[in-house]
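This report refers to the structure that appears directly beneath it.
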Amino acid sequence: HEAIHHTLEAGDYGRAAALVERHTAALLARGDLHALLGWIKSLPEETARARPWLGVAQAWALAFAGQPAEVGKLLQQAEVALQAQPEMPPGERRCLAYEMTALRLMMTVMAGQQADLAALEAAAYRAPAEGSLWAQAAAWWTWGYACRTLGRLDEAQRAFAQMTRLGETMENLWTTVTGHIDQGSVLRAQGRLSLAIQTYQAGLDLVCGQTAFAPGFVGRLESLLAMVHYELNDLAQAHRLAEESLRHNQGWRNPNHDTHAWLARALVALAEADAAQAGRALEEAGEVVAKGAVARLLQSSLEAVRVRYWLAIEDMESARQWAETRAPRAGKLAELLEPEQLALARVWVADGERDRAMPLLSTLAAVARAAGGMTTLVETLALRALAETASGAALETLQSAVTLGEPEGFGRVFLDLGEPMRLLLRDLARSPIFKSAPARCKSYVERVLGAFPLPAPRAGVQPSTAPPGL
């Protein structure tokens with residue numbers, strides 16, 4: 001910090017640029033994104049144009065700040081500067097080229113654009129010997145992210161685990177913690193909630209063990225961990241983590257991190273029956289998305305949470321209008337669009353549009369089964385059961401959802417469907433087909449039923465609150 005600051009004050013831009021080039025990864029690992037961006041802005045443009053490594057360092061910083069448009073310009077500038085330095089040793093040239101390739105691929109995938117899968121795989125598995133471990137870790141993250149969005153969850157998990165190992169080798173906290181974060185996200189998608197919590201918590205423990213003050217990038221971890229506690233109906237813990245995430249994000253301004261934290265806060269508020277707070281959180285998320293380059297998956301998630309909000313406040317007209325602007329996707333669905341498609345099915349089920357909901361739910365369930373996406377599968381089965389309420393298949397479908405949800409204690413997937421789901425679960429608990437169910441499933445259904453808020457009381461009757469957790 002002091003060395004870069006003093007050289008900038010002294011006007012020794014060449015030495016300051018060399019320090020930034022050398023320490024970018026370490027500064028990001030410590031959570032010093034704001035300081036790094038400030039120093040980069042203090043360097044004259046002509047200095048950056050003449051130094052390809054400085055252009056790449058600037059591009060890494062802006063990538064982490066969620067400013068993809070600037071990243072592309074800086075990489076083009078770095079290529080021009082590289083061509084003007086024919087004396088650069090071949091090994092260093094290959095290393096620099098690999099950094100630029102890793103960065104470009106990462107930005108393509110984060111933007112939700114179609115990427116060359118062979119190039120992504122090659123960047124991860126066949127990195128040049130001269131390639132830095134930092135760039136290799138980024139390539140493994142990019143490959144893992146691409147695999148996850150395509151439903152190749154086991155491959156994604158292996159990629160993020162490799163990223164974690166590289167972070168440990170480098171003793172780079174950001175890389176190691178990010179590896180834990182994304183491994184946890186795959187586990188959550190697979191419905192392995194207890195392991196997801198352990199993995200996220202291991203990342204938090206690393207931060208607490210190595211730094212006196214939590215770096216800003218921990219906010220992303222906290223909002224994702226909040227979502228697992230939310231699903232388990234541990235609302236107090238989810239609330240605390242969402243608030244901590246918002247606070248820590250102020251030290252690491254990334255629109256993706258901010259959006260996810262506000263979405264977590266909105267969902268927790270809805271579960272707490274605080275519609276006003278949920279509305280404010282959604283407004284904040286919407287403003288972030290409007291201003292910054294936010295990943296397509298998060299844009300889709302914002303739409304899905306808005307739908308939940310409209311349904312919670314019984315604004316069916318807004319939900320219908322939104323649904324009319326969306327079309328169901330046939331065939332294999334990418335994770336990027338899954339939240340919107342689930343929300344579309346949710347609107348149709350709530351509106352009694354069974355004939356429109358069922359084909360979409362069948363597609364979503366088939367994709368989830370093929371990918372091992374247990375979290376999505378439980379939700380699609382719960383929605384399908386509601387859509388089948390008028391037929392004899394509803395209880396069998398709901399029993400399948402219960403059987404899948406019981407081992408990990410899924411809660412909000414049922415609770416968020418409100419009174420219709422409470423009545424259906426009650427009918428399941430009383431039905432002959434449930435008599436032979438394992439005792440643990442029966443106990444689970446009773447716990448979920450006990451967590452529903454009680455129906456509105458008759459005049460003069462004092463309402464009671466549902467117990468937290470499952």
Side-chain angles (χ1 to χ4, degrees), residues 25 28-31 33 60 63-66 106 109-110 124 134 136-149 153-211 214-231 237-238 240-242 244-249 251-265 294-295 297-298 301 335 375:
L28 290 171
R30 287 169 43 181
L33 178 61
W60 280 118
F64 283 83
M106 184 174 77
V109 167
M110 286 182 66
W134 170 262
Q136 288 180 44
W140 278 107
W141 181 88
T142 303
W143 174 240
Y145 188 86
C147 288
R148 198 187 88 191
T149 60
L153 298 182
D154 289 337
E155 287 182 79
Q157 187 73 328
R158 288 193 290 272
F160 295 136
Q162 178 63 14
M163 178 191 187
T164 304
R165 285 190 286 271
L166 288 171
E168 292 168 348
T169 300
M170 291 186 286
E171 297 184 347
N172 185 292
L173 185 61
W174 179 89
T175 303
T176 308
V177 170
T178 299
H180 279 86
I181 291 171
D182 286 287
Q183 287 184 76
S185 295
V186 172
L187 291 166
R188 179 181 159 216
Q190 292 173 324
R192 301 160 72 183
L193 303 186
S194 56
L195 272 177
I197 286 180
Q198 291 177 28
T199 304
Y200 287 139
Q201 191 60 53
L204 271 181
D205 291 345
L206 275 173
V207 171
C208 295
Q210 294 191 28
T211 62
F217 60 74
V218 79
R220 177 173 175 242
L221 191 162
E222 289 165 327
S223 65
L224 288 162
L225 180 54
M227 292 303 296
V228 185
H229 284 286
Y230 163 82
E231 180 55 50
Q237 187 76 317
R240 182 188 67 80
L241 285 162
E244 285 289 291
S245 173
L246 290 167
R247 184 171 66 83
H248 285 134
N249 283 348
W252 185 281
R253 297 267 54 147
N254 181 302
N256 293 300
H257 299 191
D258 289 338
T259 301
H260 194 277
W262 283 118
L263 292 181
R265 187 67 191 89
V294 172
L297 175 59
L298 285 170
S301 298
E335 181 197 39
T375 294

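Numbering of residues begins at 1 and proceeds along the displayed sequence.
The two residues Gly184 and Ala196 make their nearest non-hydrogen contact at O-CB, 3.6 Å. Nearest approach of His260 to Ser223, heavy atoms of both residues: ND1-OG, 2.9 Å. The two atoms that bring Phe160 and Gly144 nearest to each other are CZ-C, 3.3 Å, heavy atoms only. Minimum interatomic distance between Val294 and Thr259 (heavy atoms only, all atoms of both residues): CG2-OG1, 3.7 Å.
For Thr199, the side chain to side chain contact (heavy atoms under 4.5 Å, CB included) criterion is met by His180, Gln183, Leu187, not counting sequence neighbours. Applying the side chain to side chain donor-acceptor pair (under 3.5 Å) criterion to Thr375, with sequence neighbours excluded, gives no partner residue. Applying the side chain to side chain contact (heavy atoms under 4.5 Å, CB included) test to Met170 and every residue at least two apart in sequence or in another chain returns Leu133, Trp134, Ala137, Asn172, Thr175. Considering only residues two or more places apart in sequence or on other chains, Arg158 meets the side chain to side chain donor-acceptor pair (under 3.5 Å) condition with none of them. Taking the salt bridge (charged side-chain N to carboxylate O under 4.0 Å, His left out) definition, one finds that Arg247 meets it with Glu244, sequence neighbours left out. Taking Gln162 as the reference, Trp140, Arg165, Leu166 meet the side chain to side chain contact (heavy atoms under 4.5 Å, CB included) condition, with sequence neighbours excluded. Considering only residues two or more places apart in sequence or on other chains, Trp262 meets the side chain to side chain donor-acceptor pair (under 3.5 Å) condition with none of them. Looking at residues two or more places apart in sequence or on another chain, you find a side chain to side chain contact (heavy atoms under 4.5 Å, CB included) between Gln201 and Leu204, Asp205, Leu225. Residues forming a side chain to side chain donor-acceptor pair (under 3.5 Å) with Thr169 (at least two apart in sequence, or on another chain): none.
The CG atom of Leu224 sits 12.5 Å away from atom CD1 of Ile197, with the distance rounded to the nearest 0.5 Å. The structure places OG1 of Thr176 at 11.0 Å from CD1 of Ile181, a figure rounded to the nearest 0.5 Å. Residue Leu241 holds its CG atom at 9.0 Å from CG of Leu221, rounded to the nearest 0.5 Å. If you take CG on Asp258 and CG on Asn249, they are separated by 5.0 Å, rounding to the nearest 0.5 Å. Distance CZ/Phe217 to NE2/His248: 11.0 Å, rounded to 0.5 Å. The line from NE2 of His229 to CG of Leu193 is 10.5 Å long, rounded to the nearest 0.5 Å.
Side-chain contact between Trp143 and Met163 is absent, with no heavy-atom pair separated by less than 4.5 Å. Looking only at side-chain heavy atoms (C-beta outward), Arg192 and Val186 stay at 4.5 Å or farther from each other.
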Evaluate the criterion side-chain contact (heavy atoms from CB on, under 4.5 Å) for residue pair Trp141 and Met110; output intermediate values, then yes/no.
CA-CA 11 Å; Trp141 181 88; Met110 286 182 66; 3.6 Å; yes
Carefully, step by step, assess Leu246 and Glu222 under the rule side-chain contact (heavy atoms from CB on, under 4.5 Å).
CA-CA 9 Å; Leu246 290 167; Glu222 289 165 327; over 6 Å; no
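Under the salt bridge (charged side-chain N to carboxylate O under 4.0 Å, His left out) criterion, no residue pair touches residues 136-146, with sequence neighbours excluded. Listed by first then second residue, pairs satisfying salt bridge (charged side-chain N to carboxylate O under 4.0 Å, His left out) with a partner in residues 174-189 read Arg148-Asp182, Asp182-Arg220, not counting sequence neighbours.
The backbone N or O of Arg265 lies less than 3.5 Å from no partner atom in the side chain of Tyr230, so there is not a single donor-acceptor pair.
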